[in-house]
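Read through the structure below, which is laid out as structure tokens, and then see the notes.
Being a predicted model, the structure only gives us computed values, none of them experimental. All values below were derived from every heavy atom in this structure, side-chain atoms included, with hydrogens, water molecules and symmetry-related copies excluded.
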Amino acid sequence: MGNPDVILEMRNISKSFPGVQALKDVSLTVRSGKVLALMGENGAGKSTLMKILQGIYKPDQGEIVLKGRRVEIDSPKDALRLGISMIHQELSPVLEMTVAENIFLGREPHYRYTGIVNRKKLRRDTLALFQDIGIEMNPNKKLSQLSVAEMQLVEIVKAISYNSDIIIMDEPTSAITDREVEKLFQIIKRLTDRGKAIIYISHKMDEIFRICDEIVVLRDGQFIDAKPIGELDQNKLISLMVGRELNNVFPKETAGIGETILEVENLGLDGKFRGVSFRLRRGEILGLAGLMGAGRTEVAETIFGIHHATEGEIRIKGKPVRIKSCKDAIDNGIALVSEDRKLKGLNLKASVQNNITLSSLLKYSVLRQIVNPRLERTVVEQQIEALNIKTPSRKQIVNFLSGGNQQKVVIGKWLLCEPDVLILDEPTRGIDVGAKYEIYKMMNLLAKEGKAILMISSEMPELLGMSDRVIVLHEGEVTGEFLREEFDQEKIMACAAGFKKGEIVA
């Protein structure tokens with residue numbers, strides 16, 4: 001091998017799917033002890049390239065050279081054997097198995113003579129990993145009982161547990177709190193100090209410039225550039241990624257604030273949150289802030305009827321309503337874009353068309369029984385154009401779209417229900433800067449049309465950039481409310497940590 005620091009080369013990789021050229025003649029070089037950022041918009045080919053490295057996909061052409069030797073990677077098992085592990089953006093937990101069983105799935109410790117799983121050692125090994133990464137979690141808890149953020153932590157621990165030479169991290173911080181992010185960065189530093197190589201995929205620019213040594217940029221499935229981190233700034237990087245200038249990352253526009261449309265009064269859900277009160281008005285974007293486990297998603301899901309409130313009242317246009325199901329919420333003009341679009345927002349095996357009209361089929365039906373295909377097709381094509389959904393056709397299976405375009409499909413589905421209140425739970429999670437910008441512009445447009453938007457976000461710049469007000473939760477209780485002119489990141493974080501707004505010293 002010409003350069004002893006080079007541990008991996010992917011040379012002239014190409015890959016096609018039906019109707020899509022995902023990668024065309026892409027190359028990259030990975031060095032031991034370094035963090036390589038793989039950047040590009042959703043649909044640029046990043047995840048496809050990494051899935052080829054993992055053996056999930058076979059390239060149509062090109063070669064992989066590992067430690068100076070050409071290798072064939074036919075399966076994830078091959079990748080692990082060769083010292084390559086991956087933290088996937090899209091989680092695939094075995095929900096009815098425990099945390100420990102998920103982490104050591106397929107390599108559980110056994111008693112020598114009986115072959116029975118040694119559960120004491122399984123628990124002990126899991127706790128040792130948790131101690132190393134600095135998190136606290138019950139190894140015996142089922143994955144079905146965890147939040148998306150906790151499942152993300154389990155995925156991170158699982159990838160690190162293989163002790164691989166190359167670790168691919170695809171959006172590893174998309175659903176974890178700032179505290180866990182800091183711990184992950186410490187782990188990355190320890191790994192690179194030991195000579196491990198990290199391939200890091202993230203749309204969070206601050207992370208890229210903080211921990212990465214080199215950047216490779218892809219666009220539309222093609223290699224664009226590779227540079228040391230010191231030769232780029234955020235604006236230059238965004239320009240390489242999207243092929244154009246984005247003058248304002250958060251294009252907030254002022255909409256006319258109208259009447260109160262949603263009132264939540266002393267709302268509570270046993271064991272999750274209590275005494276939550278707020279008002280949401282037409283044309284307003286209300287941000288909901290808080291750390292992992294603060295109860296933000298539970299509040300949203302209770303308003304939408306997924307959970308039944310154990311106390312408090314919800315009023316729509318001043319009238320009390322009983323929301324005991326999602327249908328009740330939809331009938332009252334409420335829509336929810338959920339935190340996990342793949343698990344709760346989409347039918348991944350269905351087409352773009354079927355997903356977009358899924359919640360409003362009766363509108364396009366004759367006698368509320370037979371769907372009018374011409375009307376359905378027209379409405380879907382209008383939504384694809386209005387939301388700029390990049391898809392070969394309305395018949396494309398949603399699973400083959402990028403994350404940003406999948407999110408637009410979810411939003412398009414709910415907009416056809418013509419809601420007055422749109423709840424967006426982590427609306428830009430795992431989405432590139434270009435798609436984020438389009439969603440922010442869409443939010444502005446909806447606010448101007450008189451929609452009331454409740455936005456939950458773990459990204460402080462997003463909350464500060466797009467909200468008219470921010471309400472902060474800590475362990476299920478409201479600890480502060482901030483008007484736009486009062487926005488202060490440190491004060492909002494203090495409330496998220498448990499301080500009441502009035503207790504914070506300026």
Residues, nucleotides or ligands: over 12 heavy atoms within 6.0 Å of K327 NZ = no
Taking side chain as C-beta onward, heavy atoms only, is S359 less than 4.5 Å from L416?
-> no
Pairing residues for Y57 by the side chain to side chain contact (heavy atoms under 4.5 Å, CB included) criterion, not counting sequence neighbours = K15, F17, T48, K51, I52
Determine which pairs satisfy ring pair (Phe, Tyr, Trp, His ring centres under 6.0 Å) with at least one residue from residues 325-360, sequence neighbours left out, and list them in order.
-> none
N-O pairing of R31 and E214 below 4.0 Å = yes
Tell me yes or no: between the side chains of T391 and Q396, is some donor less than 3.5 Å from an acceptor?
-> no
Count the heavy atoms belonging to other residues, nucleotides or ligands that lie under 6.0 Å from NZ of K363, then report whether that count exceeds 12.
-> yes
Which pairs with one or both residues in residues 471-480 pass side-chain hydrogen bond (donor to acceptor under 3.5 Å, both in side chains), sequence neighbours excluded?
-> R274-E477
In terms of heavy-atom contacts, I356 and S360 come closest through O-OG, 4.4 Å
Report the C-alpha distance between D420 and R282 in whole Å, list the side-chain angles of each, state the deciding distance to 0.1 Å, and finish with yes or no for salt bridge (charged side-chain N to carboxylate O under 4.0 Å, His left out).
-> CA-CA 8 Å; D420 292 312; R282 290 191 182 276; 3.4 Å; yes
Heavy atoms from other residues, nucleotides or ligands near CD of E449 exceed 12 (cutoff 6.0 Å) | yes
Can you find a side-chain donor-acceptor pair between S27 and E9 that sits under 3.5 Å?
-> no
Nearest atoms (heavy-atom pairs only) where V478 meets S277 = CG2-N, 4.5 Å
